[in-house]
Amino acid sequence: MPQLIAANWKMFGKLADIRAYATDILTASGHAELLICPPFPLLEPFAQALAGTPVALGAQDCHAAASGAHTGDVSATMLADCGATHVILGHSERRQHHGERDADVAAKVSAAMAAKLIPIVCVGESEAERDAGQAIQMVRDQLLHSLPAGFSGILAYEPIWAIGTGRTPSPSDVVAMHAAIRSALVEQLGGAAAGLRILYGGSVKPGNAASLLRLPEVGGALVGGASLVAADLLAIAECAPRV
Ligand code: PGA
């Protein structure tokens with residue numbers, strides 16, 4: 001399977017950026033799959049700019065309900081209606097700043113799957129948990145409680161301390177964590193776990209992408225800051241191994 005390079009624009013970007021960005025990323029050589037996850041207001045215009053291209057579109061969150069009196073929230077069906085095929089769920093910034101617990105994430109994942117979206121479920125330890133030698137146990141617990149029965153989608157391992165800091169785990173720590181995630185998925189989902197992609201996220205840049213993307217069990221990258229510059233996203237995508 002080709003690797004997936006997913007751009008998490010977070011709360012950045014504006015309408016005027018879209019056309020040039022879309023034009024630039026369409027020059028990618030195509031051996032990695034590309035996914036752009038802009039803020040909600042940019043989804044539909046991005047869908048128009050990317051129509052008919054192989055670049056996929058995703059959102060960064062959704063509500064667990066299909067509709068209802070939830071001021072300020074957006075449902076998975078609305079995202080699909082705007083052209084999204086993927087949605088990032090359980091990002092550490094949502095867990096930290098919006099109080100999302102594993103059970104909330106699991107409910108959102110179920111809603112996304114019901115709307116035929118592919119969920120990208122984020123897990124990852126804090127620096128204190130890593131220093132205490134608890135990183136793998138912590139991530140296993142998050143997986144156990146954040147994935148609903150019958151889960152199908154993508155995982156993203158994002159150590160919280162690596163997000164936006166310029167720091168990344170050592171290759172051996174990434175390999176150990178991705179292997180632990182794979183075995184936890186097999187325990188939870190059985191044979192269905194075999195084909196699931198596990199992305200790495202946290203300070204992925206053109207300069208370190210090759211060393212991260214060649215590691216076993218790394219199925220691509222979730223890229224924040226560097227994804228805002230089309231040339232940097234392309235440079236990262238070019239580091240994906242050819243299959
Ligand atoms: P970063 O963000 O690449 O800016 O570290 C990654 C993420 O939060 O998904």
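Throughout, numbering of the chain's residues begins at 1 and tracks the sequence. Both ligands and their constituent atoms are indexed starting at 1 by order of listing.
Summary of contacts: the protein heavy atom closest to atom 4 (O) of ligand 1 is G225 N, 2.8 Å. Scanning the protein for heavy atoms near atom 3 (O) of ligand 1, the closest one is G224 N, 2.8 Å. Residue, atom and distance of the protein heavy atom nearest to atom 9 (O) of ligand 1 are E158 OE2, 2.7 Å.
None of L155, V87, L196 except one satisfies the side chain to side chain contact (heavy atoms under 4.5 Å, CB included) rule with V121; the exception is L155. For the side chain to side chain contact (heavy atoms under 4.5 Å, CB included) with V223, the qualifying choice from N8, I236, D232 is I236, the only one to do so.
When only interatomic distances are considered, the shortest N/O to N/O separation between T165 and ligand 1 does not fall below 3.5 Å.
Which of G166, A156, A7, G164 comes nearest to atom 5 (O) of ligand 1 through a heavy atom is settled by distance: it is G164.
Atoms of ligand 1 found under 4.0 Å from any heavy atom of G202 (numbered from 1 in listed order, with element): 5 (O). Shown in contact with H91 at under 4.0 Å from a heavy atom are these atoms of ligand 1, numbered in order with element: 7 (C), 8 (O), 9 (O). For ligand 1, the atoms sitting less than 4.0 Å from at least one non-hydrogen atom of L222 are 9 (O), numbered in the order shown with element in parentheses.
The pair E187-R182 fails the salt-bridge criterion, with no side-chain N (NZ, NE, NH1 or NH2) lying under 4.0 Å from an Asp/Glu carboxylate O. A salt bridge links D102 to R95: one of the charged nitrogens lies within less than 4.0 Å of a carboxylate oxygen.
Residue contacts with ligand 1: K205 is excluded, as none of its non-hydrogen atoms falls under 4.0 Å. Assignment of G201 to the shell around ligand 1 is not supported, since no heavy atom sits closer than 4.0 Å.
Judged by distance alone, the side chains of Y157 and E125 do bring a donor and an acceptor atom under 3.5 Å apart.
Considering CD of E158 and OG of S203, their distance stands at 9.5 Å, rounded to 0.5 Å.
Residue-level proximity to ligand 1 for N8 is carried by the side chain, the only part with a heavy atom below 4.0 angstrom.
M138 and L147 are not part of a single hydrophobic cluster, where members link through side-chain heavy atoms under 4.5 Å apart.
Note: Y200 and H178 have tilted aromatic rings, judged against thresholds of 30 and 60 degrees for the angle between ring planes.
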